[in-house]
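Working notes, beginning with the structure itself.
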There are 2 protein chains.
Amino acid sequence: MYKPITLKDIAIALDLSPSTVSRALRDTYDISEKTKKLVNDYATLVNYQSNPMAAGLRSKKSKSIGIVVPDLANSFFSQAISGIESIAEKEGYHTIISQTKDSYHKEIEVINHMANRYVDGLIITMSSETTEYTHLQQMHKSGLPIVFFDRIVDEINTYKVVCNNFESCYKATTQLIENGKRNIAFLANAPQLSISKERIGGYKTAMTDQLISSRDELIKFCPSGGSDYEEVELAIKQLMALDESPDAIFVAGDRLSMACLRAVKNLGIKSDELSIIGFSNVDIIDLLQTPISHIRQRAFEMGQISMTMLLKIIETKYPITDFETKVIDADIFWMEHLSV
Amino acid sequence: MYKPITLKDIAIALDLSPSTVSRALRDTYDISEKTKKLVNDYATLVNYQSNPMAAGLRSKKSKSIGIVVPDLANSFFSQAISGIESIAEKEGYHTIISQTKDSYHKEIEVINHMANRYVDGLIITMSSETTEYTHLQQMHKSGLPIVFFDRIVDEINTYKVVCNNFESCYKATTQLIENGKRNIAFLANAPQLSISKERIGGYKTAMTDQLISSRDELIKFCPSGGSDYEEVELAIKQLMALDESPDAIFVAGDRLSMACLRAVKNLGIKSDELSIIGFSNVDIIDLLQTPISHIRQRAFEMGQISMTMLLKIIETKYPITDFETKVIDADIFWMEHLSV
DNA sequence: CTGAAAGCGCTAACAG
DNA sequence: CTGTTAGCGCTTTCAG
């Protein structure tokens with residue numbers, strides 16, 4: 001069995017008490033510089049690694065945080081994770097990552113597991129299946145610091161970090177209209193998601209403001225979020241079969257955007273027939289056959305902010321009550337023929 | 001503070017001893033069905049969650065394993081992770097994921113952290129910076145089960161899972177030659193990586209077997225693995241500036257392949273000037289402007305096998321001595337003009 | 001500034 | 001089959 005050096009080993013070797021060694025290692029105030037140096041030098045020498053489980057068991061702190069995202073294979077999330085880690089590392093926090101694959105049960109299981117491992121806090125993007133938050137609410141009430149990222153939960157009062165979903169959709173839709181588009185379809189993720197609601201809101205409001213009636217038949221939901229290609233192809237087919245078929249389509253998700261491109265390609269729809277704009281953080285969008293207009297979220301930055309917020313909750317002495325929701329601008333990239 | 005129900009709480013509530021409750025919960029053999037049911041029902045009722053840290057501290061087992069990969073934003077790895085998780089989940093194991101960003105120091109830090117959290121085992125893809133394995137060797141010797149995945153370490157005797165790097169490169173190179181290519185360049189990841197050596201080996205051997213002398217100036221290393229675009233563009237520029245410039249290029253990495261496509265595009269190199277074949281597990285390769293010939297690894301399957309191997313080590317009663325290296329076929333997809 | 005003692009939540013060894 | 005006891009490695013009172 002793997003048996004590392006323990007704090008006790010150091011204590012014996014240096015003829016000190018375990019508590020003194022513990023204090024020296026943790027750099028508390030009531031310890032002499034001399035002992036501190038002695039202990040730390042020896043610890044480095046023997047490559048001592050403190051045991052976070054034992055420490056956590058006692059102190060209920062672990063200097064590590066959990067990250068829960070729906071899907072690691074999504075550039076948006078992997079970029080955000082890198083942002084989170086960039087701050088965590090600097091502050092001496094470890095990160096533990098898990099994916100839910102958009103499953104409610106996996107989400108519960110993963111979150112429980114992390115909480116039991118004494119993560120000091122959680123950064124969460126909700127799974128698209130989740131409609132029930134009691135598991136989170138309970139933990140949050142008991143004092144587990146949580147920051148919501150991207151897909152947020154209104155019912156839980158804490159820091160939240162999102163992009164300006166409403167505004168960017170409003171803006172993009174308006175510009176489509178200014179470019180003469182009238183039948184703008186909207187392809188969304190699962191309807192219960194906060195991002196779906198916000199994005200549709202921006203789209204609909206823009207339509208109304210431009211005096212175009214938004215037709216419900218133009219809005220399609222794909223609960224799989226694009227991981228089920230058939231679902232997306234079907235949606236596109238149905239849209240194109242409408243009496244007044246769309247001249248543009250707004251795709252409100254990353255995997256969804258790619259699935260949409262694939263469907264358009266497979267169905268042989270020409271790009272001058274249907275303009276596409278979609279959310280996407282894919283890092284090879286410049287290499288696509290049909291490089292689409294896209295809304296790119298500042299994922300890395302959003303990750304950094306999330307971690308900063310989480311640290312604020314974790315390290316505060318007094319409970320925070322005035323939580324903010326940080327809204328980060330997204331960048332819109334237009335293909336030439338639409339860039340007004 | 002988040003304070004969950006403990007095993008002791010159950011013991012008191014049910015007027016049993018903690019050990020009996022522990023046994024009932026863990027379903028050991030020496031416990032009556034009646035007590036087992038009583039305990040488990042009550043546990044479910046109060047939503048008891050066992051504390052893996054406390055359990056781990058005592059038993060040195062945690063029913064969780066660590067996954068260490070260089071980069072989560074790489075489809076190959078995220079697909080493999082899903083494969084690992086599919087088995088882990090079935091067997092009741094949790095997974096903890098970390099990325100090293102190809103940094104040696106981060107790798108050490110991450111692995112230490114996981115070992116200290118009593119993961120029961122590790123599935124590792126080495127960072128490209130790593131040339132020193134003492135940290136791993138030591139842990140492995142002390143009994144920590146390790147499975148190497150993709151980028152392996154010869155010096156450590158354990159299970160390893162790789163794709164048939166040599167053979168697929170040999171085969172692909174041969175086919176390029178049969179298609180009339182003579183000046184085949186090779187773009188590799190960091191030279192110390194096992195995959196780099198194996199892939200170059202396949203390429204060189206094929207050249208020799210086809211009586212084509214392989215010129216060293218045609219082989220370029222990009223230690224960043226494609227995450228530094230400039231590095232790749234420079235390599236391509238240098239290759240194209242050669243007196244006998246390449247008529248084909250073999251790209252031995254996923255990010256590298258995409259960076260190469262970008263360079264080719266940016267430098268205005270025509271596709272009939274330079275045929276490209278590259279390793280890639282990108283899931284939108286069919287949507288690329290220049291869909292390249294590519295070698296696709298069965299990442300999900302490789303992940304599943306890795307986890308299966310790891311479980312074998314973890315759950316065996318007697319130490320394993322005859323470790324295998326599982327070699328999984330990769331699939332080659334040719335663009336039409338090269339498909340002989 | 002340092003040490004002794006208790007205990008985090010759980011499992012394991014030993015009785016019975 | 002169940003209870004008792006001890007202890008995993010660390011932190012945290014509480015003394016001194």
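Here is the naming used below: chain letters follow the sequence lines, and residue numbers restart at 1 for every chain. Because only heavy atoms are used, hydrogens play no part in the values below, and waters and symmetry mates are left out as well, while side chains stay in.
Taking only side-chain atoms of A:R58, from C-beta outward, the nucleotide of D:dT12, C:dT2, C:dC10 with the closest atom is D:dT12. Side chain of A:R23, nearest nucleotide from D:dC10, C:dG9, D:dT13: D:dT13. When distances run from any side-chain atom of B:A54 to the nucleotides D:dT4, C:dG3, C:dG9, the shortest one goes to C:dG9. Among the nucleotides D:dT11, D:dC10, C:dG9, the one closest to any side-chain atom of B:N51 is C:dG9.
Distance B:Q49 CD to C:dC10 C1': 15 Å, rounded to the nearest Å. The separation between A:D9 atom CG and D:dC10 atom C1' is 13 Å, rounded to whole Å. The distance between atom NZ of A:K61 and atom P of D:dG9, rounded to the nearest whole Å, is 23 Å. For B:D15 and D:dT4, the CG to P distance is 10 Å, given to the nearest whole Å. Distance A:K63 NZ to D:dT11 P: 13 Å, rounded to the nearest Å. Separating the CD1 atom of B:I31 from the P atom of D:dG3 is a distance of 8 Å, rounded to the nearest angstrom. Between the CD1 atom of A:I5 and the C1' atom of D:dC10 there is a distance of 16 Å, given to the nearest Å. The nearest whole Å value for the distance from the CG atom in A:D27 to the C1' atom in D:dC10 is 17 Å.
Between A:S32 and C:dT2 there is a side-chain N or O to OP1 or OP2 distance below 4.0 Å. Regarding contacts with the backbone of C:dA12, a side-chain N or O of B:R26 is found under 4.0 angstrom from either OP1 or OP2. In this structure, A:Y48 reaches the D:dC10 phosphate: one of its side-chain N or O atoms is under 4.0 Å from OP1 or OP2. Taking only side-chain nitrogens and oxygens, B:S17 never comes nearer than 4.0 Å to OP1 or OP2 of D:dT4.
Residue contacts shown for A:S22 include a base, since a base heavy atom lies under 4.0 Å away. Nucleic acid contact for A:D30: base, since at least one base atom lies under 4.0 Å from a heavy atom of the residue.
When each of B:L57 and B:K36 is assigned the nucleotide of DNA chain D bearing its nearest heavy atom, the one mapping closer to the 5' terminus is B:K36. Residue whose closest nucleotide on DNA chain D sits further toward the 5' end, between B:P18 and A:M53: B:P18.
Side-chain atoms of B:E129 and B:S127 include no donor-acceptor pair closer than 3.5 Å. Side-chain atoms of A:K106 and A:S98 form no donor-acceptor pair, as typed in the model, at a separation below 3.5 Å.
B:T130 places no side-chain N or O within donor-acceptor distance of the main-chain N or O of B:E132, the cut-off being under 3.5 Å. Remark: the backbone N or O of A:S128 is paired with a side-chain donor or acceptor of A:Q192 at under 3.5 angstrom. Of the possible polar contacts, one joining the B:Q99 side chain to the B:L72 backbone as a donor-acceptor pair under 3.5 Å is found.
The base of D:dT4 sits with one of its N or O atoms less than 3.5 Å from a complementary donor or acceptor on the side chain of B:S19.
You'll find the ring centres of A:F149 and A:F76 inside the 6.0 Å limit.
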